[in-house]
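Report on the structure given below.
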Amino acid sequence: MQHSSIHWFRKGLRLHDNPALLAAATDCHRLHPLFILDPSSGRAGTNAWRFLLDALRDLDRSLREMGSRCPTPSTTPRGGCLALSLGVQGIQTRCRACPSLSHLRVLALNNGKAPLTYKGLQSLLASLGPPEKPAPTLTLEHLQGCHTPCQVSHDTEYGVPTLEELGQDPTEVGPHLYPGGETAALARLNSLMDRTVSKPETEPTSLSPSTTVLSPYLKFGCLSVRTFWWWLDEVYQGREHSQPPVSLHGQLLWREFFYTAGAGIPNFDRMVGNPVCLQVNWDNNPQHLRAWREGQTGYPFIDAIMTQLRTEGWIHHLARHAVACFLTRGDLWISWEEGLKVFEELLLDADWSLNAGNWLWLSGSAFFHRYFHIYSPVAFGKKTDRDGAYIRKYLPVLKDFPAKYIYEPWKAPRAVQEQAGCLVGTHYPQPIVEHGAASKRNLGRMKAARAQKGNKSPRRHQAPLAPCCHSSCLPLLQAPSGNNQLASQWLNHKGKSPRPSHTDPHRDPQLWVRHYLSGFDPFCSTAPH
DNA sequence: ACGACTGTTGGTGTA
DNA sequence: GTACACCAACAGTCG
């Protein structure tokens, strides 16, 4: 009972199922839970920062109720620096994060190779058995005899900052629909109980979410994926329910699928150097990209979705499909990497592997091969929303258009546009491309790109990237020892962390520790190791 | 090595 | 409203 522990909160912003926090609190005399804010990290937009600050306040409140606190210094050492310097000073550093159910175990079982189909993942999982059970929630009992020293100046110096203090513009946030934090996450989880716990009726055009919206909570670790899995398991008992891939368990397995792919495939979030990614000559068209990002394509369904994304930070998965297809193989023929960056900024739930994996999928670059299935920016939304209520909600400029023209306002006669108080080309843009011609042309280009692939030298699978791991918890981290020069170099490193180079993380300790740790930061754009 | 099977969720036109 | 053919015919996986 003599030692002090520091618990560094990174992605697991919760007290339930947090083995690292539990271990830190066990038999310790002084506990210092902390979170390090790095305003320069990642591309997160204002809504995502608000979610994070909510989560931190919630965490601090929960800890305070047990006599502890969670300070959030903003001195922003780069991910990895702290662990490295502690290691150099001979302080034991343990890294125990469980952002997934089993992706590292799957990779270990499959010689470091990520399965490229859902079926493949399922058969590997079958031999691993069920996921681990969640760890007990931290309670007052765990903290017996343990205290957190707090200075009088705690709140002013280490309290959770405001958006302004982070350099974010608070006027940019949308309605506060999804407050961050563990408390909100568990409340949302428990409210599922009242609903049919099978795949919810899902419609991209519903005015309030028809799916669970647990994804932002999973992304920040406000909700443990293992807790969610076993909670579902209990609710499913003795009930008729759907099966993977469409059940909620199945949805969590998709998450595992992309986590596995993200950890096992080099350059996963890029086209070049990514062995599973179709190599495509995407167009460089900043005007079209901007129109898509700002919801100014002239296709109301697309623009409404992009508006919901920007203001609310969450859109239905089929809405994501529609806009992703439109940007890439469907209409604009712009690289999925551009879309990935926009989603990373605007989505509350942008998780590195899931974001990259789904962009690969929707752009027809990997995993998905029926490239002639193209979402229509006009017909797709109409299927579930004939009258265009969704468009009217998010694009009020079009709200008085008759249903007949709401998906294609440019087709409305001048008199109808005047009646609706909206002239296409003046108050709302003309379509930036003609979908019929564009999609036809792009289908041909897609075919050509795929034909090209056959001529290339066969792809080689590269060495496995994941550090070996025996369970979903990571082993003791051993920082390179006795290398003070390395540590100070690192601590002096300024600016953004470079993208993860997958050349050889094992041989370069600096690269390795960064690679190893950075994925735990909420906004860090690297693999979730 | 090879064939069979399968794949979370399309659009359009016709009967 | 529903059912079906057609589009053009892939790639990973498994036996």
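The sequence lines fix the lettering, A, B, ..., with proteins before strands; numbering per chain opens at 1.
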Round to a whole Å and report the spacing from [atom1] of [X] to [atom2] of [N].
X       : N       : atom1 : atom2 : answer
M446(A) : dG10(B) : CE    : C1'   : 15 Å
L443(A) : dG11(B) : CG    : C1'   : 12 Å
L124(A) : dG12(C) : CG    : P     : 16 Å
H369(A) : dA11(C) : NE2   : P     : 7 Å
N358(A) : dT9(B)  : CG    : P     : 12 Å
E408(A) : dG11(B) : CD    : C1'   : 13 Å
N442(A) : dG10(B) : CG    : C1'   : 16 Å
H373(A) : dA11(C) : NE2   : C1'   : 15 Å

Name the nucleic acid region contacted by K382(A), choosing base, sugar-phosphate or nothing; use a 4.0 angstrom heavy-atom cut-off, strictly under.
nothing
Taking K341(A) first and then E344(A), would you say they form a salt bridge - that is, a charged N and a carboxylate O separated by under 4.0 Å?
no
Within a reach of under 6.0 Å around NZ of K399(A), are more than 12 heavy atoms found that belong to other residues, nucleotides or ligands?
no
N281(A) atom CG, neighbour heavy-atom count above 12 within 6.0 Å
no
Looking at [options], which one has an atom nearest to any side-chain atom of [X]?
X       : options                   : result
F380(A) : dT9(B), dT8(B), dG10(B)   : dG10(B)
L318(A) : dT9(B), dT13(C), dG10(B)  : dT9(B)
S376(A) : dT12(B), dA9(C), dT13(C)  : dT12(B)
R450(A) : dG11(B), dG12(C), dA11(C) : dA11(C)
Y375(A) : dT9(B), dG12(C), dA8(C)   : dT9(B)

For dA8(C), give its Watson-Crick or G-U wobble partner with both distances under 3.5 Å, or none.
none
What does dT8(B) pair with, Watson-Crick or G-U, if both distances are under 3.5 Å?
none
Side-chain N or O of [X] closer than 4.0 Å to phosphate OP1/OP2 of [N]:
X       : N       : answer
S123(A) : dC14(C) : yes
R370(A) : dT9(B)  : yes
K440(A) : dC7(C)  : no
K119(A) : dG7(B)  : yes

Testing the 3.5 Å rule here: is there a donor-acceptor pair between the side chains of W229(A) and D233(A)?
no
W254(A) aromatic ring stacked with six-membered ring of dT8(B), 5.5 Å and 30°
yes
Look at the aromatic rings of H435(A) and Y299(A) and report parallel, tilted or perpendicular, splitting at 30° and 60°.
perpendicular
